[in-house]
There are 2 protein chains.
Amino acid sequence: MVQMGYYSNQDYLIPFFRNFEKHIPISDEEKRIISANLEFMDVPRNDVVLSQGNKVNTLFYVVSGALRAYHLNEKGKESTVMFAVKDWWITDMNGFANQDFAQVSLETIENSKLIGLRYEILESLLQELPKLERFFRILFQRAYIREQSRLLRQLSMDVATRYRSFVDKYPKIVASVSQKQMASYLGVTPEFLSQVKNK
Amino acid sequence: MVQMGYYSNQDYLIPFFRNFEKHIPISDEEKRIISANLEFMDVPRNDVVLSQGNKVNTLFYVVSGALRAYHLNEKGKESTVMFAVKDWWITDMNGFANQDFAQVSLETIENSKLIGLRYEILESLLQELPKLERFFRILFQRAYIREQSRLLRQLSMDVATRYRSFVDKYPKIVASVSQKQMASYLGVTPEFLSQVKNK
DNA sequence: TTTTAGAAATAAGATAGTTTAAGAATCGGT
DNA sequence: ACCGATTCTTAAACTATCTTATTTCTAAAA
């Protein structure tokens, strides 16, 4: 993972604030304050930016590229909890919010530009700019809705329907993801997904 | 569903603000403003307070009792998305936040006292008391974490482990829930849960 | 008290998903 | 262009879970 110098941060900040302003308006002064508190990272494909079992200190925003959050259980079975592409935020949220250990690892599945926001920094930013509470309220509300919808699909649909539904919803993600990863997201074996697809 | 007169609202408001203040401090004046915008309901067991397919206009806070959110798919299969007991908030959040139709129904599984907060009211309260943004930010953050953890359990654990894990985590809920409902929450048939339990 | 209905347990046959293994295709590195 | 290493497909045998049906149990209604 490479920390970039200040000169090139506009590559990160322009898309970041463009997305930010879709949710709430923000002044130049506020942008300046926020910018000064972010970290900019250029991460190659297949790099692990957070490891299961470690303390979680950073919340990531995806400027470009794609990430995957996955869990490894005692039996070595891998479960993909989430993918993130451009404009998504991702981390092990439980570990982050409760300053606890990560239950998932986070890896890039493409070369990625990320913005990192550290826990203590976010906490103090929220104090300094209460407006951010609204931003993150909206963010978490949407994240909650997303997870609840996913859970509902997991419970109420069969694999073929879940697969089609995912492809419809996130065609961009499908492109960067191996079938093995896709299967572990849907909760089936890659072999079975292969069967299902060929019908 | 019975709307209560003003005289008895303290039964609702005292537990409500006691819980509220666990997350953020709040003045008497703020309490007054919030109180004036809530609805108080006393709902008997097995009452449906929101029906799948209808527009969602209310967010519910559980003062006492218990609720269940469930979805019915085309094949008539029922999936329990969530339970809520004392101090939990519940609704079809997608329908609520996006003013869309409910994908789930909401029913009481015990006689329940609920506080209702309507969509437009919440929106204007958030304008009037920006402090509430923080409250709901924390609320949704926790809800998101909860859903993500549940999904992870769903993907990575077998039925027996999921069942034990639920009983450990929510012993109170287990008491108010039938085995059929429990099974539809865990994503298995009641018959299979019965087998699993007897081991 | 009898009746009724819904909960749960049990068991047999059906289906969805897993496992294993082997071959074909694809991809990054040299 | 070649090699080794993943990744994907296919298929057969297997296992877990589901469906359906029957029975028992329980609790509330009449």
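Please read these numbers as outputs of a predicted model, since none were measured by experiment. So you know, we letter chains A, B, ... as the sequences are listed, proteins then strands, and number each from 1.
OP1 or OP2 of C:dA9 has at least one side-chain nitrogen or oxygen of B:Gln179 nearer than 4.0 Å.
Rounded to whole angstrom, the span from the NZ atom of A:Lys180 across to the P atom of D:dA5 amounts to 16 Å. Regarding A:Leu193, its CG atom lies at a distance of 9 Å from the P atom of D:dC8, rounded to whole Å. Taking atom CG of residue A:Asp158 and atom P of nucleotide C:dT15, one finds them 15 Å apart after rounding to whole Å. Counting to the nearest Å, the C1' atom of D:dT17 and the CZ atom of B:Arg162 are 11 Å from each other. A:Lys197 places its NZ atom 10 Å from the C1' atom of D:dT9, with the value rounded to the nearest Å. Atom-to-atom, NZ of B:Lys75 to P of C:dA16 comes out at 8 Å; the value is rounded to the nearest Å. Here C:dG28 presents its C1' atom at 13 Å from CG of A:Asn111, a figure rounded to the nearest Å. Note: CG (A:Leu155) to P (D:dT17) measures 15 Å, nearest angstrom.
Closest approach of A:Thr91 to A:Leu106, counting heavy atoms only: CA-CD2, 4.0 Å.
Side-chain contact between B:Asp11 and B:Val63 is absent, with no heavy-atom pair separated by less than 4.5 Å. Counting heavy atoms from C-beta outward, B:Phe136 and B:Leu125 have side chains that stay 4.5 Å or more apart.
Comparing D:dT9, D:dT19, C:dA8 against the side chain of B:Thr189 picks out D:dT19 as the nearest. When distances run from any side-chain atom of A:Ser194 to the nucleotides D:dT9, C:dG17, D:dT7, the shortest one goes to D:dT9. Nearest to the side chain of B:Ser178, among C:dA7, D:dC8, C:dG17, sits C:dA7. Comparing atom distances between the B:Glu191 side chain and each of D:dT20, D:dT9, C:dG17 picks out D:dT20 as nearest.
With rounding to the nearest 0.5 Å, the separation of OG in B:Ser105 from CG in B:Leu67 is 12.0 Å.
A:Asn198 comes within 4.0 angstrom of sugar-phosphate atoms only, judged by non-hydrogen atoms across all strands, and of no base. Using a 4.0 Å heavy-atom distance criterion, A:Val159 is classed as a sugar-phosphate-only contact.
Comparing A:Lys77 and A:Arg45 by the nucleotide of DNA chain C that holds the closest heavy atom to each, the one mapping nearer the 5' end is A:Lys77.
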| task | Decide ring-ring contact (aromatic ring centres under 6.0 Å, His included) for A:Tyr170 and A:Phe83; before the verdict, give the C-alpha distance in whole Å, the side-chain angles of both, and the deciding distance to 0.1 Å. | result | CA-CA 10 Å; A:Tyr170 306 111; A:Phe83 296 110; 8.9 Å; no

